[in-house]
Amino acid sequence: MKLTEKCDVYSFGVLALEVILGKHPGDVLASFSGSFANMNIELDDMLDPRLPFPSLEVQNNLISIMDLAFLCLDTSPQSRPTMQIVSHLLCN
């Protein structure tokens, strides 16, 4: 494995999911070893159950962050966004 900026992007994706799940996303990552593009996961199944269910606005933000996290976790490093793109998408 060659260390590049794309490794940091992958780590960001793991961290983002860890915050949303409330635990390391190892099970999610292990069960989807390919592309995350066609995943159909319910938000209810992903959220930390210790927290109250979020408002609709927060749900929409969480979905956007999860979509971005899954882009960062693409198995092909060349297909992952740069951190500059990640930052730009988070600010919008």
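Heavy-atom basis, side chains included; hydrogens, waters and symmetry copies ignored.
Nearest heavy atoms, V86 versus P81: CG2-CG, 3.8 Å.
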Which pairs of donor and acceptor atoms, one on a side chain in residues 5-19, lie under 3.5 Å apart (sequence neighbours left out)?
| unit_1 | atom_1 | unit_2 | atom_2 | d |
| --- | --- | --- | --- | --- |
| K6 | NZ | R80 | O | 2.3 |
| S11 | OG | C7 | O | 3.1 |

N/O donor-acceptor pairs under 3.5 Å from side chains in residues 52-65, not counting sequence neighbours:
| unit_1 | atom_1 | unit_2 | atom_2 | d |
| --- | --- | --- | --- | --- |
| S55 | OG | V58 | N | 3.4 |
| Q59 | NE2 | P54 | O | 3.0 |
| N60 | ND2 | L56 | O | 3.4 |
| S64 | OG | N60 | O | 3.2 |

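A distance of 12.5 Å separates CG of L73 from OG of S79, quoted to the nearest 0.5 Å. The line from CG of L90 to CG of L68 is 5.0 Å long, rounded to the nearest 0.5 Å. Taking CD1 of I20 as the start and CG of D48 as the end, the distance is 10.5 Å to the nearest 0.5 Å.
In terms of the side-chain hydrogen bond (donor to acceptor under 3.5 Å, both in side chains) criterion, Q84 has no residue partners (sequence neighbours excluded).
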